[in-house]
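Everything on this sheet refers to the single structure shown next.
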Amino acid sequence: MGSAYSSSCSSSSALTAHSISSAFPFKSLSKPSTKPFFRFIPTNRIFQTHLLKPINIMSQPSQFSPLKSGKAEGLVSHVGFDTNPVVDFHGIDQKLVDKMVYDALIWSSLHGLVIGDKSVPGSGNVPGIGMVHAPFALLPMPFPERHWKQACEVAPIFSELFDRVSLDGKFLHDSLSRTKKVDSFTSRLLDIHSKMLEINKKEEIRLGLHRSDYMLDEQTKLLLQIEMNTISSSFPGLSCLVSELHRSLLDHYGEFLQLESARIPGNPSVSRFADALAKAWVEYNNPRSVVLVVVQAEEHNMYDQHWLFSVLKERHNITSIRKTLAEIDAEGELLADGTLSVSRQEVAIVYFRAGYTPNDYPSESEWKARLLMERSSAIKCPSISYHLAGTKKIQQELAKPNILERFLDNKEDIVKLRKCFAGLWSLDDSDVVSKAIERPHLFVMKPQREGGGNNIYGNDVRETLIRLQKEGKEEDAAYILMQRIFPTVSPTFLLRDGICHKDNAISELGIFGAYLRNKDKVIINDQCGYLMRTKVSSSDEGGVAAGFAVLDSIYLT
């Protein structure tokens, strides 16, 4: 799902916040060339170029001389990080900016970097109606190469961890037992999981298409995990296109900006996800079966989804069908041998791009569909156990001492994961709750919700905690507390609805991962590209689909 920036800061907070550890222990440019810029790349060539390349730190040789080191007034600076020079946003000639904006908008229109315009009726369910360019940053965001390598390195370890967590039904139910009493949505998910345990339902083929989200903390210089998305990990399609857009812009304007397109990492997330789906489909072993994509009734981000399944069809000749939960209830059938049939088509894989929010279950019909699919022999991406493993409460439980050792044997892997953990606490920790009431700007309250716009920040943290203490109810089990991360604030150009404006911004890096296991055999456990999201630093929330952030790529420094 398009998750929110769950531990971000405002620009003022980033400059004035005291040490987190003190609150609680944690660990004028040249005129641009007038030669034509735009080069149309047909869809089939996009599939065959950068989207299919291995993920390298530099996916092509440098075309320009090395960037000079040093800092200057107005530069995007990352104090304490690698200090290769980046763009002087205050010194860029406005005519150059206007030309880049025009070319970027043309490129996005011709290459499918689009979403549905919410102001246009039908744009969320009728393809081609009310398309508008996806919000994006005009230039890539600087990011230290060593932290990029770190995020890529731990991706397969996290995937292995969450697979093992998903198999531990007792851990899932024990960890979520209090949450179940006060959170009806989590309770319904647990009820389905309990039914699967009762009938001894085995998910022999397990497919996870994950995204682990991080922020780079300015003060500690640590790459800290925001969350692990195990359901509806959005933007594998559009994130590739933003990387391609930024490469194209730097190929033409890089010498004026002193930026090299080779410093943007290859981003094959859409092809890697398609390959993982195809391999799972092969494991299911019925060439007539289809992939069922579970979608919301109105999905303005449908083109990101269509990119993935267009690649699946073009590269692997695998058919997909799109259905809402209500349609699956009406058209779905569980055959005697456990086969899932929808509209008289056998389903090999159920891929969820819906079902992660209570809003997706307005009636019992949707819950019946979820149970129907879970009971079937189709491969679920994710299964109900994978879905539960990705909840905030499980994330907080995994951060406790000695818990990772329950699931992982390799001590070096455990150390690598723990380096990424931000501070995470249950609300039954009275000392931490007291500190959060005293200094709420250093914490974020998170409910068991996905999709953006759900977290609690600032003075609202204090007020919510005080209310919960006065009421003395168990409602506090619906939340966790997380350390608030204060990333570097950088100036950038943001484009939305055809309008470009310069603002101070912060970014969140998401690393895609694919995991496929058939019984004891791990078939895939790969890092699969990335998603960079950038938002104005004054905003707490940051989901792209929720309207807070823009899509971006990274520029390695």
Side-chain angles (χ1 to χ4, degrees), residues 4-10 13 16-27 165 168 170-187 190 215 217 219-220 222 224-228 388-407 414 417-450 454-486 540:
Y5 285 67
S6 43
S7 299
S8 60
C9 69
S10 68
S13 297
T16 63
H18 294 289
S19 169
I20 294 177
S21 60
S22 67
F24 39 81
F26 285 119
K27 299 214 170 174
V165 169
D168 195 331
K170 185 177 187 305
F171 176 77
L172 291 174
H173 280 263
D174 288 349
S175 300
L176 293 165
S177 59
R178 289 190 65 233
T179 304
K180 179 178 182 178
K181 296 177 182 179
V182 294
D183 187 320
S184 59
F185 179 62
T186 302
S187 178
L190 280 167
M215 275 186 169
D217 186 66
Q219 187 173 53
T220 64
L222 296 175
L224 299 178
Q225 187 184 52
I226 304 297
E227 64 183 349
M228 181 73 165
L388 291 168
T391 58
K392 304 298 188 297
K393 181 61 181 174
I394 295 299
Q395 181 188 9
Q396 178 255 307
E397 288 291 320
L398 290 173
K400 287 182 175 181
N402 303 316
I403 297 298
L404 288 182
E405 286 79 358
R406 177 170 178 164
F407 302 103
I414 291 172
L417 294 191
R418 286 214 170 101
K419 284 183 180 178
C420 299
F421 284 175
L424 293 156
W425 304 272
S426 168
L427 266 65
D428 59 10
D429 188 329
S430 58
D431 290 339
V432 171
V433 169
S434 296
K435 290 172 182 175
I437 291 174
E438 179 184 352
R439 305 179 74 178
H441 63 288
L442 296 180
F443 295 84
V444 179
M445 281 186 71
K446 292 185 170 186
Q448 313 302 313
R449 294 290 180 271
E450 306 295 346
N454 299 302
N455 298 324
I456 301 173
Y457 300 88
N459 287 331
D460 290 339
V461 172
R462 175 189 289 120
E463 293 174 3
T464 303
L465 290 173
I466 291 174
R467 176 181 63 81
L468 292 174
Q469 285 184 337
K470 288 181 178 178
E471 292 177 354
K473 298 178 180 178
E474 291 189 325
E475 186 187 344
D476 61 352
Y479 300 91
I480 66 165
L481 277 170
M482 183 174 180
Q483 165 195 352
R484 189 162 185 173
I485 302 169
F486 296 94
D540 286 328

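All residue numbers refer to positions in the sequence shown, counting from 1.
Side-chain contact annotation: S426 with D429, donor-acceptor N/O pair under 3.5 Å absent.
Of all the heavy atoms in V182 and A478, the pair that sits closest is CG2-N, 3.6 Å. Across Q448 and K392, no two heavy atoms sit closer than the pair OE1-N, 3.1 Å.
Qualifying salt bridge (Lys or Arg N to Asp or Glu O under 4.0 Å) partners for R406, counting only residues two or more places apart in sequence or in other chains: D168. Here Q396 pairs with K393 under the side-chain hydrogen bond (donor to acceptor under 3.5 Å, both in side chains) rule; sequence neighbours left out. E438 pairs by the side-chain hydrogen bond (donor to acceptor under 3.5 Å, both in side chains) definition with nothing, not counting sequence neighbours.
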Q | Intermediate values then yes/no, side chain to side chain contact (heavy atoms under 4.5 Å, CB included), I485 and I226 | A | CA-CA 9 Å; I485 302 169; I226 304 297; 3.4 Å; yes

Q) Where do T220 and D217 land on the side-chain hydrogen bond (donor to acceptor under 3.5 Å, both in side chains) test, with the steps shown first? A) CA-CA 6 Å; T220 64; D217 186 66; 2.7 Å; yes

Q: Evaluate salt bridge (charged side-chain N to carboxylate O under 4.0 Å, His left out) for E471 paired with R467, printing each intermediate quantity in order.
A: CA-CA 6 Å; E471 292 177 354; R467 176 181 63 81; 3.2 Å; yes

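Contact check for M445 versus Y479: side-chain heavy atoms found under the 4.5 Å cut-off. Using a 4.5 Å cut-off on side-chain heavy atoms (C-beta onward), M215 and L222 make no contact. Counting only heavy atoms from C-beta outward, the side chains of L388 and I394 never approach each other to under 4.5 Å. Considering only heavy atoms from C-beta on, L424 stays 4.5 Å or farther from E397 through its side chain. Counting only heavy atoms from C-beta outward, the side chains of Y457 and F443 never approach each other to under 4.5 Å.
Rounded to the nearest 0.5 Å, atoms CZ (F421) and CD (Q483) are 13.0 Å apart. Here D428 contributes atom CG and E474 contributes atom CD; the two are 10.5 Å apart, rounded to the nearest 0.5 Å. We find the SG-CD distance between C420 and Q225 to be 7.0 Å, quoted to the nearest 0.5 Å. Atoms CG and CD, from L468 and E463 in turn, are 12.0 Å apart once rounded to the nearest 0.5 Å. Rounded to the nearest 0.5 Å, atoms NZ (K470) and CG (L465) are 12.5 Å apart. For the atom pair CD of Q395 and CD1 of I480, the computed distance is 5.5 Å after rounding to the nearest 0.5 Å.
A donor-acceptor pair under 3.5 Å is absent between the side-chain atoms of T464 and the main chain of V461, judged by distance alone.
The aromatic ring centroids of F171 and F407 lie less than 6.0 Å from each other.
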